[in-house]
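Report on the following structure.
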There are 2 protein chains.
Amino acid sequence: MTAKSNSEELLEFFKVLADASRLKIVGLLSQKGFTVEQLAAMLELRPSTVSHHLSRLARAGLVSARAEGYYSVYELETDALEAMARRLLSREELLAVAGEIDLDAFDRKVVADFSLPDGRLKIIPAQRKKLLAILRHIVTDFRLGSRYGEKRVNELLSRHHDDTATLRRELVGAGLLQREAGKYWRTET
Amino acid sequence: MTAKSNSEELLEFFKVLADASRLKIVGLLSQKGFTVEQLAAMLELRPSTVSHHLSRLARAGLVSARAEGYYSVYELETDALEAMARRLLSREELLAVAGEIDLDAFDRKVVADFSLPDGRLKIIPAQRKKLLAILRHIVTDFRLGSRYGEKRVNELLSRHHDDTATLRRELVGAGLLQREAGKYWRTET
DNA sequence: AATCTAATTCGATGGTTGTCAAAATAGTAT
DNA sequence: ATACTATTTTGACAACCATCGAATTAGATT
């Protein structure tokens, strides 16, 4: 059995219902059980096609087959369907989808775009959003809880770019670094 | 504006969310607004691709754009999303999907399969489900509320097949026709 | 006005998948 | 056991669509 993450399961749910024929099948089965042949006639499709759709729906747990004499009758798993729909209503489920994505990817891309092979900055970005990404990156050179003199600050900043004055000013302006009595420290959180 | 039936709208909803990239976008936007560029970096896609997805999501009413300085920030329309999810929970919605389908298609197909060009039956089907379809068709020759003598019954049935005895017996056995004191009448409903 | 940048549109392409026909399977009736 | 029938599987084909790169548009900064 292939282990399936939560968001993959949610995606599969949407994919399964994102087809007119399968959606109609679910609608019909919500009334009563039907055989493959009956569904095929009502949908004007070949039995093999309907069988294919039913197997996909079954794999997603939305329908189940019950043998009845000559035929096999398919029925809707209303519980599974409702459970899935209910998951949609809980905001957490959407957060879980996003949770598996790297939120820092944007910052990393900007840093990479503006960095030379040796890690120093080519230029300091003029656009605010990109500048902030760079600053968030640079500030990680400062340990939380430590206090730095201006000279030490410039030392650390000079590893990124010669214009340490601009970097220092922007870091403070962005609230990432704080200053008092000639000493600098990194803002918590 | 193209008028869109209820079930078409539901189908469109599933189609829009049935894509990994779009699902991730929705997940990310459930946290906060993002620009096209940011989303592209986080999803490792080209901005043009993300723009395409966003326009589809917007057309479905799931996201909206807000101009902010240089960028245009996209935000999730949580209301629309919840409204859609809620529709899924109401059984009626599924019935509506099926409602647009012709439930008698199966019967008609069986009748067509077993009928000669002049409308008479080639043979009387041996399979129960198909026999019932034929019988449901034949019984419509009888008016509701009228009472028929055996002779008249045979007359009507002979238009379909010579073996009127079998037809008559099966019609009664299936509960479509009722008999009492030598008179026959069609069952109500 | 001129220039830069984000966003969108357009055209092309590769992959996915719904559909069918034919063959294989399973299960029932005779 | 044999024949029949519903269902499933397989292979092939066509339509759709996600993605990309290039060109264009829209907005904002200088």
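From a predicted model like this one, the values you see are computed outputs, not experimental measurements. Every chain is numbered from 1, with letters handed out A, B, ... down the list of sequences.
Five base pairs at each end of the helix from C:dA1-D:dT30 to C:dT30-D:dA1 define two local axes, and these are offset by 30° (rounded to 10°).
Side-chain N/O atoms of A:Tyr74 include none lying less than 4.0 angstrom from OP1 or OP2 on D:dA6. When the side-chain nitrogen and oxygen atoms of B:Arg46 are compared with OP1 and OP2 of D:dA22, none of them lie within a distance under 4.0 Å. Contact annotation: B:Gln127 reaches the phosphate of D:dA6 (side-chain N/O to OP1 or OP2, under 4.0 Å). At least one side-chain nitrogen or oxygen of B:Arg22 sits closer than 4.0 Å to the OP1 or OP2 atom of D:dA18.
At the heavy-atom level, A:His53 lies under 4.0 Å from the strands shown only through sugar-phosphate atoms. The residue A:Ser48 sits close to a base: some heavy atom pair falls under 4.0 Å. Across all strands shown, A:Ser55 has no heavy atoms under 4.0 Å from either base or sugar-phosphate atoms.
Ring-plane geometry between B:Phe14 and A:Phe14 is classed as tilted, the angle between the planes lying from 30 to 60 degrees on a 0 to 90 degree scale.
If B:Tyr70 and B:Pro47 are placed on DNA chain C by their nearest nucleotide, the residue sitting closer to the 5' end is B:Tyr70. Toward the 5' end of DNA chain D, the nearer of the two residues B:Lys130 and B:Thr49, judged by each one's closest nucleotide, is B:Lys130.
For residues 93-146 of chain B, the set of pairs meeting the ring pair (Phe, Tyr, Trp, His ring centres under 6.0 Å) definition, not counting sequence neighbours, comprises B:His137-B:His160, B:Phe142-B:Tyr148.
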